[in-house]
Amino acid sequence: METYKAHYDSMVRAIARYAPYVDMSLIDRAVAYADQKHKNQLRKDGSPYIIHPLAVAEIVAEVGLDTDAILGALLHDCIEDTDSTFEEIAAQFGQTVAELVEGVTKLTRVEYSTLEEQQMENLRKMFMAMSKDIRVILIKIADRLHNTRTMEYQTPQKQISKSMETMDIYAPLAHRLGMQKIKWELEDTSLKYLEPAAYESIMRFLQVHQREADEFMRSIQSKITTRLASVGIHGSIYGRVKHIYSIYRKMKDQNKTLDELYDLYAFRVIVDSIPDCYNVLGHIHDLFNIVPGRFKDYISTPKPNMYQSLHTTVIGRQGIPFEVQIRTWEMHETAEYGIAAHWKYKQGIEGGDEKSFEWVRRLLESQQETDAEDYIHSLKVDMFDDEVFVFTPKGKVISLPAGSTPIDFAYAIHSGVGNAMVGAKVNNRIANYDLPLKNGDICEILVSKTAKGPSRDWLTICKSNQARIKIKQWFKKEKREENVSHGKASFEGELRRSGIPASVLQDPDTLAIVLRKNSFDQLDDMYAAIGYGGLTAVKAVGRVRDDLMKLVRQPTKEAATAASAAEAPLSSVRQSRHKDSGVMVEGIDSCMIKFSRCCTPVPGDDIIGFVTKGYGVSIHRTDCQNASLERRLSQPDRWVNVIWSNAEEKPFATTLEIMTEDRPQMLLDLATVFSAAKLRLTEINGRDLPNGDCVFLATFEVRDVSELDSIRAKLRNISGVLHINRGQNG
Ligand code: MN
């Protein structure tokens with residue numbers, strides 16, 4: 001006790017003064033318990049650890065909180081730093097105190113790792129949401145206040161990171177809770193570590209000018225006092241220099257030096273009643289010159305944090321402007337201690353706790369925006385019941401609707417993450433997709449490039465509109481791709497039926513005509529419309545058939561004599577195409593001819609035709625697997641006899657399968673034979689076989705089967721070539 005008696009006494013004095021209703025025997029038991037638990041720990045300055053909880057309890061008492069809150073403050077580091085447990089504290093000091101301590105512990109464990117403003121706002125909201133009992137936040141703020149007061153014992157890095165955290169999280173929270181005095185101290189102390197030079201220069205300036213400042217404040221004070229006394233208003237007048245951080249901000253915002261900055265002084269007149277506030281205002285405006293545009297009536301329109309006062313700025317005879325705040329004593333308490341002050345008023349009133357929680361909730365709800373002017377704009381009902389705050393593994397805070405699942409979380413990060421999701425971990429454990437996330441959970445989404453995308457069930461699992469919209473978008477887009485591919489197939493099929501190869505669309509001018517006549521900007525859009533059924537392929541082709549026919553005809557026009565080609569009827573176009581193919585189909589005058597890729601027939605091969613749906617007649621070798629007797633018997637009416645028409649000697653692409661031993665230079669030798677035979681080799685690929693041999697697939701052009709036989713013989717002569725088959729690509 002000797003080592004911390006002074007701190008203990010100081011706390012007891014604060015309790016006696018600001019929280020006289022507190023049960024001291026409980027307080028003493030908590031002090032003994034905490035001292036025992038922390039007995040082997042020292043503060044950074046070497047003093048016994050118990051001094052810290054005592055100081056935090058003193059701050060909590062000063063703001064007028066209740067017995068449970070002071071007990072919570074005394075025990076606030078026990079769960080985090082000692083072997084103490086929730087159950088033990090609950091058994092000794094009650095469930096409420098244990099919950100307060102646990103709440104503070106949770107906030108202590110929140111990692112602070114980001115500087116983006118939006119993240120800060122989420123983090124502040126999460127703090128609020130995590131501390132279901134507002135006393136948790138008040139204790140945490142008191143804890144931080146004492147830690148900033150003793151920051152000089154920390155390492156320089158810690159000083160800076162802690163000060164940033166204080167500026168970003170705790171000072172705005174104190175402001176939001178209306179605790180102006182604590183907010184100022186947090187800001188000033190943090191500034192000292194974050195901007196030591198600026199802090200020092202402001203301090204020095206204020207010290208140098210302290211005499212004049214004191215004199216100035218005394219003269220204004222006495223002027224007001226005299227006037228109020230003469231008209232019989234009972235009021236207390238205080239003058240002060242504004243706090244350092246607010247001066248620093250003014251210099252930055254207005255880009256001014258200290259000497260140029262007038263607005264350093266503030267006076268406060270505290271009176272007994274609201275009518276007196278307005279009376280005092282009248283007298284102030286009578287005594288001094290008003291600075292226009294600075295009057296604010298926060299009594300009729302309180303700030304979102306319940307702050308009430310009249311504000312005005314006037315100029316004294318010395319030409320120095322100063323602000324005067326006029327308020328009642330009750331308003332003053334609220335201004336200094338915010339929520340805590342309100343708490344104090346509720347002490348001893350039956351059911352008071354419930355009421356103050358309601359008040360707190362309303363207050364928090366109205367404060368999503370720090371800017372007072374914006375708060376009505378952003379009013380939402382029950383915002384903290386509706387939101388849950390979840391961390392990414394990197395410490396970013398994501399805010400989601402309450403009840404959100406890992407699916408919502410994934411889509412909140414990025415739709416790409418959601419669409420590639422194959423699993424989730426919550427707090428490092430594999431979690432079900434429908435697990436409701438809790439405040440402070442760390443959620444990690446497992447993704448895979450081969451993910452199949454969302455399933456339709458996800459639409460019923462997810463809670464956020466964001467996720468639902470993105471999942472629906474995915475399905476729409478997937479469907480679009482399906483639509484596009486269906487549309488493309490039927491459009492191209494319809495073109496072929498008209499004797500127009502789909503390749504005409506590769507010509508940009510032709511494509512432009514197709515798109516213009518069908519009123520589309522993109523080919524895919526047109527395909528999607530056809531696939532969806534908004535436009536039929538027949539109609540789409542019908543609109544452009546004549547234009548495309550002309551284009552298709554052009555090459556033959558050049559070849560033919562000018563006179564006959566000019567009037568060439570449509571049928572002759574088809575006829576010539578028919579002839580071009582080098583195949584005659586029995587019983588059909590004109591049709592599309594396609595050479596099957598599976599068996600690559602060349603003139604001289606025995607061939608047979610298969611009437612396809614929409615692609616004309618496809619030509620197979622009679623020994624092709626795809627033209628087997630079985631198949632011909634199963635669909636007899638679709639197989640037709642075809643013969644080679646030897647009208648033209650144009651080359652045909654065909655494929656040979658060449659089995660060889662594995663030896664160097666084989667590919668080169670094969671290619672050399674093709675080259676010597678003056679055959680155009682369009683493709684040759686080799687691969688190893690399991691038995692150690694190699695197989696090469698060579699695609700090249702020949703005029704007929706005799707040319708093919710001759711090259712086969714030459715290839716067979718190459719040393720190491722085992723045997724050669726006609727290509728059969730399935
Ligand atoms: Mn602490």
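Remember, it's 1-based here, ligands and their atoms both numbered in the order they're listed. The structure displayed is predicted, hence computed values, not measured ones.
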Engineer: Is it true that a side-chain atom of E323 and a backbone atom of H311 form a donor plus acceptor pair closer than 3.5 Å?
Structural biologist: no
Engineer: Could you verify whether a donor N or O on one side chain and an acceptor N or O on the other, from Y33 and E88, lie under 3.5 Å apart?
Structural biologist: yes
Engineer: Parallel, tilted or perpendicular for Y245 and H243, by the 30°/60° rule?
Structural biologist: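 Y245 vs H243 ring planes: tilted.
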Engineer: If you measure from OH on Y199 to CD1 on I247, what distance do you get to the nearest 0.5 Å?
Structural biologist: 11.0 Å
Engineer: For N/O/S atoms only: which one belongs to H76 and is nearest the Mn ion (ligand 1)?
Structural biologist: NE2
Engineer: With rounding to 10 degrees, what does the angle H52:NE2 / the Mn ion (ligand 1) / D143:OD1 come to?
Structural biologist: 80°
Engineer: Kindly give the atom name of the N, O or S atom of D77 closest to the Mn ion (ligand 1).
Structural biologist: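 The Mn ion (ligand 1) is closest to the D77 atom OD2, counting only N, O or S.
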